[in-house]
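Just below is one structure, and these are the notes that go with it.
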Amino acid sequence: METKRLAKFLRFLQEELAIPAEGLQLALRHPEQNPNLLPMILWQYGLVSLSQLDEIFDWLNGVF
C-alpha cells in the first residue's frame, strides 16, 4: 500500500473507528505486518470488533 493511501487508511481507523494510536502502533510493529494484513492483526489483538472489521473491509473496497 502506497504511503499516501496508508496514511488515509490510518486516519480512517483513528477518526471513524476510534482506534487509539497506541493500538495502531502495536499492530504496525507486528513481525508479519504489511498493510494488507493490518485489519486482521487489529482484530487478532482485539482492537476491532467483527462489525468494525466489516467496516474496514467495506472502506478498503470503496477506496482501493
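All residue numbers refer to positions in the sequence shown, counting from 1.
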ask   = How far apart are the C-alpha atoms of K8 and W59, what are their side-chain angles, what is the distance that settles it, and do they pass the side chain to side chain contact (heavy atoms under 4.5 Å, CB included) test?
value = CA-CA 11 Å; K8 190 174 182 180; W59 188 88; 4.1 Å; yes
key: With F57 via ring pair (Phe, Tyr, Trp, His ring centres under 6.0 Å) - residues at least two apart   = none
ask   = Can you find a pair of side-chain heavy atoms, one from L13 and one from L38, that are under 4.5 Å apart?
value = yes
request  = Hey, could you give me the CG/CZ distance between L60 and R5, rounded to the nearest 0.5 Å?
outcome  = 11.0 Å
N/O donor-acceptor pairs under 3.5 Å from side chains in residues 15-22, not counting sequence neighbours:
none

request  = Check whether any side-chain heavy atom of I41 lies under 4.5 Å from a side-chain heavy atom of L26, and answer yes or no.
outcome  = no
Shortest non-hydrogen separation from Q14 to L24 and the atoms involved = CG-CD1, 3.3 Å
query = About how many Å separate CG of L53 and CG of L42, when rounded to the nearest 0.5 Å?
reply = 8.5 Å
ask   = So, do I56 and F12 sit near enough that their side-chain heavy atoms are less than 4.5 Å apart?
value = yes
